[in-house]
Amino acid sequence: MGLLATRRILLGLGGGIAAYKAPELVRRLRDAGAEVRVVMSAAAARFVSKLSLEVVSGFPVGDDLWSTDDARIVHTDLARDSDLVILAPATADLIGKIRHGLADDLLTTTVMAAKTPVLVCPAMNTEMLDNPLVQDNIAHLRSLARYTFLEPGVGLLACGITGPGRQPDPPEIIEAAAAVLADKDLRGLAAIVSAGPTREPIDPVRFIGNHSTGTMGFAIARALAARGATVTLVAGPVSLRTPVGVARRVDVETADEMLAALTELWPSTDFLAMTAAVADYRPAQRSQEKIKKTDASGDSAMPPTLALARTPDILKTLAARPDRSRVMLLGFAAETHDVIDYAKAKLVDKDLDAILANRVGVPESGFGPGDNIGTLVFRDGTFVEFARAPKELFADALVAALAPRLTHLARRSAHA
Ligand code: C5P
């Protein structure tokens, strides 16, 4: 199960080339736990086969408003039986029709009859997207609470030019859909999530680092943003896409840079989740030139000895600030045994409000895209155990467990 478990999604296809991606999108929506029904315009049927969509969705696909056969797909039923409509691709024509209240086929009548939220994924040629009429239609629909737009990506388009207009990939559409359906109970909360490793340079080509991929922190940033928080992600060197809904991303490399970024953000922060795997040591000296294996005469050089220095403890440094009590601090601990005892000791040592104790050394959990297992321990000694889950779901469960305290901070911020 995934981010869309038990959700009923109606996927509407406009007639654009990106419709060819629909079977893969249906597959991925179903992998995320959704039940998916598909309605397509006549033009979409020129780009993708109805049969493929019926096979991957497991349901008949609607494309005819006027069908009179027994399996007639009725627009009002489709509208009533879904939690969310996703329009992907949303073409200039489809967006224009919806904006102007036109409904002349099964897809547009279904959208017209639906009371659910609509996630619109515009995908078209850049010039069409830039057209002031299209922009005006998008701006108008955006102003209505019912419609959420997912920005099209930049890439090579079917027309041969590179620019905005590309339909985002399924993981982004799934994140956006989950966000549309989430409660917005954290609106007003200013949150920072640090994620990934830090890299401490030895010379211009070498560094001390660790295996952190940033997956957990990025998932937590997504989960907070989905519930309405304004999230800034401070990321070490990782190769992950910024999650949907994250307001700002600051990329850093070293522990010193991470501390500087967090110090700058601190005054406007209510909550800091310090997920980053900060290097504990850095080379005491950073060589400005590449350290060579050979000496001046070309002979093998003696292997250098690397003197190390401690990096700043970022959480401790921030926790020592005079206005520390204004901010809720969540730390992370990776332990192989006596997890809760060690985590509690770390919570006290670093003056945190809560700590997530991760079990490491368990197969398929730990660094990377796999699962996580852990216990959230609060300062008052109460704790919440999390069963093993993929990191995306683990992040949702963690944010749900934090939510009662975070909503309190969000309300305080709203009244400030
Ligand atoms: O002391 P330890 O590294 O086990 O603590 C882990 C927690 O402390 C994590 O939340 C990590 O982000 C944070 N940390 C830090 N600065 C460091 C090392 C770890 O803020 N230099």
Side-chain angles (χ1 to χ4, degrees), residues 191-201 207-221 223-224 231-238 240 250-266 269 271-284 308-321 324 327-361 365-368 372-379 383 386 391 394-395 398-399 401-402:
I192 304 179
V193 181
S194 73
T198 64
R199 234 180 225 180
E200 311 298 331
F207 59 84
I208 295 176
N210 60 64
H211 288 296
S212 169
T213 60
T215 311
M216 194 65 235
F218 275 55
I220 293 170
L224 288 164
V231 179
T232 302
L233 186 54
V234 176
V238 294
L240 296 176
V250 180
D251 287 304
V252 297
E253 194 147 320
T254 63
D256 280 333
E257 285 171 21
M258 188 170 277
L259 175 60
L262 292 173
T263 305
E264 198 185 320
L265 292 163
W266 176 267
T269 298
F271 171 60
L272 168 62
M274 190 71 201
T275 324
V278 185
D280 293 316
Y281 298 99
R282 63 174 170 77
L308 299 177
R310 285 299 301 262
T311 54
D313 189 306
I314 298 175
L315 272 176
K316 266 191 180 172
T317 311
L318 294 172
R321 291 180 69 101
R324 179 256 171 277
V327 180
M328 179 170 172
L329 288 178
L330 170 67
F332 287 74
E335 307 288 352
T336 52
H337 60 285
D338 297 326
V339 176
I340 297 182
D341 287 345
Y342 279 119
K344 275 186 189 156
K346 200 166 284 183
L347 183 151
V348 173
D349 177 50
K350 296 192 189 237
D351 185 21
L352 307 176
D353 297 289
I355 192 158
L356 185 87
N358 278 312
R359 280 283 302 282
V360 292
S365 122
F367 289 130
N372 213 356
I373 307 175
T375 308
L376 177 64
V377 185
F378 290 103
R379 205 183 181 119
F383 59 88
F386 299 102
K391 286 183 177 168
F394 191 93
L398 173 63
V399 172
L402 293 165

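Order of appearance sets the numbers: ligands from 1, and atoms from 1 within every ligand.
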Asks: If the test is side chain to side chain contact (heavy atoms under 4.5 Å, CB included), which one of Lys350, Arg324, Arg379 qualifies with Leu329?
Replies: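 When side chain to side chain contact (heavy atoms under 4.5 Å, CB included) is applied between Leu329 and each of Lys350, Arg324, Arg379, only Arg324 qualifies.
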Asks: State whether the side chain of Thr198 and the backbone N or O of Ala279 hold a donor-acceptor pair below 3.5 Å, judged by distance alone.
Replies: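 Yes.
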Asks: Does an N or O anywhere in Ala333 fall below 3.5 Å from an N or O of ligand 1?
Replies: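 By distance alone, the answer is no.
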Asks: Tell me which one of Ala276, Gly331, Ala343 gets a heavy atom nearest to atom 11 (C) of ligand 1.
Replies: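 It is Ala276 whose heavy atom sits nearest to atom 11 (C) of ligand 1.
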Asks: Give the atoms of ligand 1, by number and element, whose distance to some non-hydrogen atom of Thr311 is under 4.0 Å.
Replies: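 The atoms of ligand 1 under 4.0 Å from a heavy atom of Thr311 are 21 (N).
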Asks: Test your reading of the structure: does Pro312 have an N or O sitting under 3.5 Å from an N or O of ligand 1?
Replies: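 Looking only at distances, the answer is yes, because the N/O contact criterion of under 3.5 Å is met.
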Asks: Looking only at protein heavy atoms, which one is nearest to atom 6 (C) of ligand 1, and what is the separation?
Replies: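 Nearest neighbour among protein heavy atoms for atom 6 (C) of ligand 1, to 0.1 Å: Phe332 O, 2.9 Å.
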Asks: If you count the non-hydrogen atoms of other residues, nucleotides and ligands that lie under 6.0 Å from CZ in Phe378, is the total more than 12?
Replies: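 Yes, enclosed.
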Asks: Please confirm whether the backbone N or O of Arg199 pairs with a side-chain atom of Thr254, one donor and one acceptor, at under 3.5 Å?
Replies: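 Absent.
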Asks: Sub-3.5 Å donor-acceptor pair from the side chain of Thr275 to the main-chain atoms of Ser194, do we have one?
Replies: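 Side chain of Thr275 to backbone of Ser194: a pair is present.
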Asks: Tell me whether Glu335 contacts the main-chain N or O of Ala343 through its side chain, where contact means a donor paired with an acceptor under 3.5 Å.
Replies: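 A pair under 3.5 Å: no.
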Asks: Counting heavy atoms only, which of Lys316, Met274, Lys350 comes nearest to atom 8 (O) of ligand 1?
Replies: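 The residue whose heavy atom sits nearest atom 8 (O) of ligand 1 is Lys350.
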Asks: Any idea which protein heavy atom is nearest atom 3 (O) of ligand 1, and the distance to it?
Replies: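 For atom 3 (O) of ligand 1, the nearest protein heavy atom comes out as Asp280 OD1, 4.0 Å.
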Asks: Are any of the N/O atoms on Thr275, whether in the backbone or the side chain, positioned under 3.5 angstrom from an N/O atom of ligand 1?
Replies: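 N/O-N/O distance below 3.5 Å does not exist for this pair.
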Asks: Judged on heavy-atom distance to atom 20 (O) of ligand 1, which of Asp349, Leu315, Val278 sits nearest?
Replies: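 Going through Asp349, Leu315, Val278 one by one, Leu315 has the nearest heavy atom to atom 20 (O) of ligand 1.
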